[in-house]
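Residue indices begin at 1 and follow the sequence shown.
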Amino acid sequence: MKVIISDCDHASLEIEQSIFNEANIEFELQQNKTEEDIIQNCQQAVVIVNQYAPFTEKVLAKLPDLKLLIRYGVGVNNIDLEAATKYGVQVCNVPDYGTHEVADHALALMLALTRKIPLMNNRVKTGNWDYQKSIPIYRHREQTVGVIGLGRIGSAFAQKVNGLGMKVIAFDPSKQQKALAEDLQFIEFTSFDELIRTSDVVSIHCPSDNTYHMFNKEVFKAMQPHSYLINVSRGGIIDETSLYEAIVNGEIAGAGLDVSETEPIGPNSKLLQLDEVICTPHMAWYSEEAAQELKRKVAQEAVRYLEGQFVQYPVNSIN
């Protein structure tokens, strides 16, 4: 039985090929972009590995043999999970390949913003050697970090900022008991409203489900004027127009963004005009090791299924 890779922009598939060859499984790389591409090219597919191509209900209804759909990455926004379940398609992702990379990136954005490193670097390079242009900067050990979402990444980030001596508060009712049972007893759980009101830094680590524009005009008005917002999760969680206005109006101090509502972010985005905003191109997940782990785990999941084993990373439940 053959595995079809519906689309992939990686420079090499050597890792996947090695794992498939060892299991005597053939695979085919396609580059489908539209619903029509997938329907036309994947009619006989039983197992598909997917990166960006849209697996909507229209597509899933036209792939009667499809049983397993594995996504390169954590998010499954391009897959209609309800439709997949309806048509008996098991969806899997790889949720743990870049946990520390993303947490490290959030930490790096926080430090860059709170220590005003990009701002002062740019000033020095233009001949302005004056630390007073950075005023005010506050001591980390006397600041509070609010973490929205305590999954793998949020928990890792919380541990890292706790190592800096910062107070950590969190909003994630579903993870409270789990956190108390693990090495996260230092976290103080609170309400969303209390978190945004009292945090010096707010870092978003929640999925996009039911969180569209969670950070909006009203939320920014409730934050402290010296506070920073970090988002390494999903772009749509932030209303970007309101974020721009909040920074310009001094309602918050700035933001570190690895994601945007539309990707890539438009070059004319007003956010990119602000010194108080750091923006990176959805790269928080990346390290050489993480990239290799992602490819390895995707291929191994496909092999497990085809050899009759249980999949390791199911996203939906199939009876």
Where do T56 and D80 land on the side chain to side chain donor-acceptor pair (under 3.5 Å) test, with the steps shown first? CA-CA 5 Å; T56 61; D80 186 330; over 6 Å; no
Taking [X] for its side chain and [Y] for its backbone only, find out whether a donor-acceptor pair lies under 3.5 Å.
X    : Y    : answer
Q224 : T198 : yes
N231 : R234 : yes
D200 : S227 : no
E263 : S260 : yes
Q31  : S6   : no
T211 : S208 : yes

All ring-ring contact (aromatic ring centres under 6.0 Å, His included) counterparts of [X], not counting sequence neighbours:
X    : value
F20  : F27
Y228 : none
H10  : Y72

Applying side chain to side chain donor-acceptor pair (under 3.5 Å), run through D9 and Q51 and close with a yes or a no. CA-CA 8 Å; D9 62 6; Q51 189 173 17; 2.9 Å; yes
Would you compute the distance between atom [atom1] of [X] and atom [atom2] of [Y] and round it to the nearest 0.5 angstrom?
X    : Y    : atom1 : atom2 : result
L195 : T144 : CG    : OG1   : 9.5 Å
C92  : N50  : SG    : CG    : 12.5 Å
I237 : M214 : CD1   : CE    : 6.5 Å
Y313 : D96  : OH    : CG    : 3.5 Å

Go through the steps for S242 and N216 under the test side chain to side chain donor-acceptor pair (under 3.5 Å), then give the verdict. CA-CA 6 Å; S242 295; N216 52 39; over 6 Å; no
Is a salt bridge present between E194 and R197, judged by a nitrogen-to-oxygen distance below 4.0 Å?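 Here E194 pairs with R197 in a salt bridge, since their nearest N and O are under 4.0 Å apart.
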Salt-bridge test for D7 and K33: reply yes if a basic N is under 4.0 Å from a carboxylate O, no otherwise.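 Salt bridge: no.
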Kindly check if the number of other-residue, nucleotide or ligand heavy atoms within 6.0 Å of NZ (K160) is above 12?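 Yes - once you tally the heavy atoms of other residues, nucleotides and ligands closer than 6.0 Å, there are more than 12.
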Write out all pairs satisfying ring pair (Phe, Tyr, Trp, His ring centres under 6.0 Å) with one or both partners inside residues 238-258, taking only residues at least two apart or from two chains.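 Listed once each, the pairs would be none.
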Considering only heavy atoms from C-beta outward, does the side chain of L243 approach that of I252 to under 4.5 Å?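 Contact flag for L243/I252 side chains = yes.
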Less than 4.5 Å apart, side chain to side chain, heavy atoms only: is that true for Y97 and P95?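 Answer no - side chains too far apart.
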According to a 4.5 Å side-chain heavy-atom criterion applied to Ile, Leu, Val, Met, Phe, Trp and Tyr, with indirect links allowed, do L150 and F192 form part of one hydrophobic cluster?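 The answer is no; the residues belong to distinct hydrophobic clusters.
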In residues 39-47, what donor-acceptor pairs under 3.5 Å come from side-chain atoms, sequence neighbours left out?
from : atom 1 : to  : atom 2 : distance (Å)
N41  : ND2    : N32 : OD1    : 2.7
N41  : ND2    : D37 : O      : 3.1
Q43  : NE2    : I39 : O      : 3.0
Q43  : NE2    : K62 : O      : 2.9

Any pair counted as side-chain hydrogen bond (donor to acceptor under 3.5 Å, both in side chains), so long as it reaches residues 106-130, sequence neighbours left out: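 Counting only pairs at least two positions apart or across chains, the side-chain hydrogen bond (donor to acceptor under 3.5 Å, both in side chains) contacts touching residues 106-130 are T114-H140.
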